[in-house]
Chemist: 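Please see the structure below; I have some questions.
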Amino acid sequence: MTRFDLRDYLPVLLMFVVAAGFAVTNILLTQLVGQRKQTRTKLMPYECGKDPVGSARERFSVKFYLIAMIFILFDIEVIFLVPWAVVFKTLAGPEYGLRNLVYTEMMVFVILLLAGYIYVVKKGAFDWGERARHEAEAEARALEDLRKKELAARRAA
Amino acid sequence: MDWNNPWIFAGVKFIAINVAFVAVLMIVAYSVLAERRVLGFIQGRLGPNRVGPGGLLQPFADLLKFILKEDIIPDKSTRFVYFLAPVIAITTALMTIVVYPFGPTIHIPFTDWYVPLVVTRMDVGLLYVLGITSVGVYGIALAGWSSNNKYSLMGGLRSSAQLISYELSLGLALIGVILQSGTLDLYSIVERQSGWYGMHWNIFWLQPLGFLVYLISAIAETNRVPFDLPEAETELVAGFHTEYSAMKFALFFMAEYVNMLTVSMLATTLFLGGWNGPGVQTFPLLGVLYFLIKVIFFIFLYIWLRGTLPRFRFDQLMSFGWKFLLPVAILNIIITATLGWFGWI
């Protein structure tokens, strides 16, 4: 379809109203109908029955930020691919005869994308916990050495 | 009837939306029941069979129970966001149903109306679906953050990382189909698969690899087994919805199943020919049946996988998504484009 008609987008708005209305009504309904017996311990954050330790608003692994940033980069590349894919058949067809141009242009783009991808993989952006495991192993080894040294010292004494 | 009158137009569309909405919710309710029954049979037990004949009224009993339960708001939570998160989750899950074609154009008897069984035909339909589903990540991330619970936070973070990682492969898997169809309008994409007596499906003609990538990333997108890390009971209690109860929990639950249904409908539309099948040209209503059968097959596949497979570990999940699925998806684009260069698509 090539025509654009704003009326085709009206159902999106109506659907939004229906879906959000459904959600809000349900939440309000359970607020009104559901029982209410609030106690102090019931309102504590759940931690398997223990009193909660510290706050949940703490720092977390920087890996999540890294993944999100790489995602943004690659997702933009996907968005560039979409319009190309839509017009590929038309431009490659006999009417325009540009198949060499559209094909090579996007292949160059994809190869550049792959080069960036290989760089990110080589940098270890997707190796979750690998370094942490190495560090833990190194620490265990150091502790073991320390213990052996202490034992040796005690034996010598 | 005057279709140019904006009020009549909006009214008809509103009725169509409500029909689709109720149909989707009924399918969701019964897929929850089907899941419990089928899982029961897989594990050599019966599953819920007491409420109504064969347990057929179980979904309604569940709904009633969800409404009547206490709605707990933890006192350290960020209240507004805590309320907003389930609304975002269910709204974004439901909003995509307006673009899926449920059947071919039907002639209504005794009139001269030809009605395509789709709520709206947009020329950016597929992009709309991708855009709306990616907003769904916010529901989960905000739910995890606003609960002020460590399990929720970890579940929400994991889930967001997982969703965005697999969304990439999902989007790339769709490029092959767009290349073959040359349009983003879902109705036109289905129409283009109607050759070969209704068997000219994209999965047979050049997109088997794309279908596989799409299927795997769709399962990961819906947080289902074997990719259900955000709700890994053994380590995270219930993940991002640990603190949610009553209807707010039910909304997350429903959002998961609606998402399951919509990715199944998208898979059917893009790869399995939508409503196409033998005999649809003569009996258009048969198309609706074909569409439903294909969608139900996917839902059964989900349940089957859940009864069969163990869970991934998080580092396995990440390396599988980024180091295997993403290159395969790019390879699929290169293959399709090369075949297109030869003029075979």
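Order of the sequence lines sets the chain letters (A, B, ...), proteins ahead of strands, with each chain counted from 1.
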Chemist: Taking all atoms of both residues into account, what is the closest heavy-atom pair of A:V78 and B:G171, and its distance?
Modeler: CG1-C, 4.2 Å

Chemist: So if I apply the side-chain contact (heavy atoms from CB on, under 4.5 Å) rule between A:N26 and each of B:L63, B:L251, B:I90, which one comes out positive?
Modeler: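 Answer to the side-chain contact (heavy atoms from CB on, under 4.5 Å) test with A:N26 among B:L63, B:L251, B:I90: B:L251.
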
Chemist: Evaluate the criterion side chain to side chain contact (heavy atoms under 4.5 Å, CB included) for residue pair A:L14 and B:K13; output intermediate values, then yes/no.
Modeler: CA-CA 8 Å; A:L14 290 176; B:K13 290 292 178 195; 4.1 Å; yes

Chemist: Please flag which part of B:L68 lies under 4.5 Å from any non-hydrogen atom of chain A: side chain, backbone, both or neither.
Modeler: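 Both parts, heavy atoms under 4.5 Å.
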
Chemist: What part of B:L174 lies closer than 4.5 angstrom to a heavy atom of chain A: side chain, backbone, both or neither?
Modeler: neither

Chemist: Can you tell which part of B:K323 gets under 4.5 Å to a heavy atom of chain A, answering side chain, backbone, both or neither?
Modeler: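 Contact with chain A is through both the backbone and side chain of B:K323.
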
Chemist: Can you name the nearest heavy-atom pair linking A:W84 to B:A337, along with the distance?
Modeler: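 Closest pair (atom of A:W84, atom of B:A337, distance): CH2-CB, 3.8 Å.
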
Chemist: Chain A heavy atoms under 4.5 Å from B:V98: which part of the residue, side chain, backbone, both or neither?
Modeler: side chain

Chemist: Just so I understand: if I count every heavy-atom pair under 4.5 Å between each of A:N100, A:I79, A:I70, A:V87 and chain B, which residue has the most?
Modeler: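 The answer is A:N100.
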
Chemist: If you count every heavy atom of other residues, nucleotides or ligands that lies below 6.0 Å from A:Y65 atom OH, does the total exceed 12?
Modeler: no

Chemist: If I measure from the heavy atoms of chain A, does B:I330 come under 4.5 Å with its side chain, its backbone, both, or neither?
Modeler: side chain

Chemist: Checking B:T338 against chain A: side chain, backbone, both or neither under 4.5 Å from a heavy atom?
Modeler: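 Both backbone and side chain.
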
Chemist: Taking all non-hydrogen atoms of both residues, which atom of A:I67 and which atom of B:A161 are closest, and how far apart?
Modeler: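 For A:I67 versus B:A161, the nearest heavy atoms are CG2-O, 4.3 Å.
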
Chemist: What part of B:I88 is in contact with chain A, defined as an atom under 4.5 angstrom from a non-hydrogen atom: side chain, backbone, both or neither?
Modeler: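 Neither the backbone nor the side chain of B:I88 comes within 4.5 Å of chain A.
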
Chemist: Side chain, backbone, both or neither: which part of B:P86 has an atom under 4.5 Å from a heavy atom of chain A?
Modeler: side chain

Chemist: Quick one: sort the B:F21 and A:F22 rings into parallel, tilted or perpendicular, breaks at 30° and 60°.
Modeler: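 Judged by the thresholds at 30° and 60°, the geometry between B:F21 and A:F22 is perpendicular.
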
Chemist: Please flag which part of B:Y166 lies under 4.5 Å from any non-hydrogen atom of chain A: side chain, backbone, both or neither.
Modeler: neither

Chemist: Evaluate A:T30 against B:F66 for side chain to side chain contact (heavy atoms under 4.5 Å, CB included), listing each step before the verdict.
Modeler: CA-CA 8 Å; A:T30 186; B:F66 274 130; over 6 Å; no

Chemist: Between B:I72, B:I164, B:L130, B:I178, which has the largest tally of heavy atom pairs under 4.5 Å with chain A?
Modeler: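 The option with the most such pairs is B:I164.
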
Chemist: Heavy-atom pairs under 4.5 Å with chain A are the metric here; pick the option from B:Y128, B:Y151, B:W145, B:F14 that has the most.
Modeler: B:W145

Chemist: When only pairs under 4.5 Å are counted, which of B:L153, B:L168, B:V87 shares the most heavy-atom pairs with chain A?
Modeler: B:L168

Chemist: Where does A:F64 contact chain B at under 4.5 Å (heavy atoms): side chain, backbone, both or neither?
Modeler: side chain

Chemist: Please round to the nearest 0.5 Å and tell me the distance separating atom CE of A:M15 and atom OG1 of B:T120.
Modeler: 12.5 Å

Chemist: Counting heavy-atom pairs under 4.5 Å to chain B, which of A:A85, A:A92, A:G21, A:A19 comes out on top?
Modeler: A:A85

Chemist: I'd like to know which of A:L10, A:V18, A:V33 tops the heavy-atom pair count under 4.5 Å against chain B.
Modeler: A:V18

Chemist: How close do A:Y9 and B:V124 get, counting heavy atoms only, and between which atoms?
Modeler: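 Shortest heavy-atom separation between A:Y9 and B:V124 comes out as OH-CG2, 3.5 Å.
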
Chemist: Most heavy-atom pairs under 4.5 angstrom with chain B, which of A:V82, A:L29, A:V120, A:L32?
Modeler: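 Option with the top pair count is A:V82.
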
Chemist: Once you round to the nearest 0.5 Å, how far does CZ of A:F74 lie from CD of B:E167?
Modeler: 15.0 Å

Chemist: Using atom types as modelled and distance alone, determine if a side-chain donor or acceptor of A:K89 lies under 3.5 Å from a backbone N or O of B:Q180.
Modeler: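 Judged by distance alone, yes, a pair lies under 3.5 Å.
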
Chemist: Please state whether the side chain, the backbone, both or neither of B:F314 comes within less than 4.5 Å of a heavy atom of chain A.
Modeler: side chain

Chemist: On a heavy-atom basis, which atom in A:V12 and which in B:M122 lie closest, and how many Å separate them?
Modeler: CG2-CE, 3.5 Å

Chemist: Walk me through whether B:I73 and A:Q31 qualify under side chain to side chain contact (heavy atoms under 4.5 Å, CB included).
Modeler: CA-CA 11 Å; B:I73 306 157; A:Q31 294 274 318; 4.3 Å; yes

Chemist: Would A:V24 and B:F83 count as a side chain to side chain contact (heavy atoms under 4.5 Å, CB included) here? Give the steps.
Modeler: CA-CA 9 Å; A:V24 171; B:F83 273 86; over 6 Å; no

Chemist: I'd like to know whether CD of A:E137 has more than 12 heavy-atom contacts from other residues, nucleotides or ligands below 6.0 angstrom.
Modeler: yes

Chemist: Looking at A:K63, I want to see if its NZ is surrounded by more than 12 non-hydrogen atoms of other residues, nucleotides or ligands under 6.0 Å.
Modeler: yes

Chemist: Look up atom CG in B:L326 and atom CG in A:L114, then write down how far apart they are to the nearest 0.5 Å.
Modeler: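 It comes to 8.5 Å.
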
Chemist: If you count heavy-atom pairs under 4.5 Å between each of B:V119, B:V99, B:L157 and chain A, which one has the most?
Modeler: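 The answer is B:L157.
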
Chemist: Between B:I97 and chain A, with a heavy-atom cut-off of 4.5 Å, which part of the residue counts as in contact: side chain, backbone, both or neither?
Modeler: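 Interface part for B:I97: side chain.
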
Chemist: Find the distance between CG (A:L81) and CG (B:L172) and round it off to the nearest 0.5 Å.
Modeler: 6.5 Å

Chemist: A:L13 versus chain B, heavy atoms under 4.5 Å apart: side chain, backbone, both or neither?
Modeler: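 A:L13 has no heavy atom closer than 4.5 Å to chain B.
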
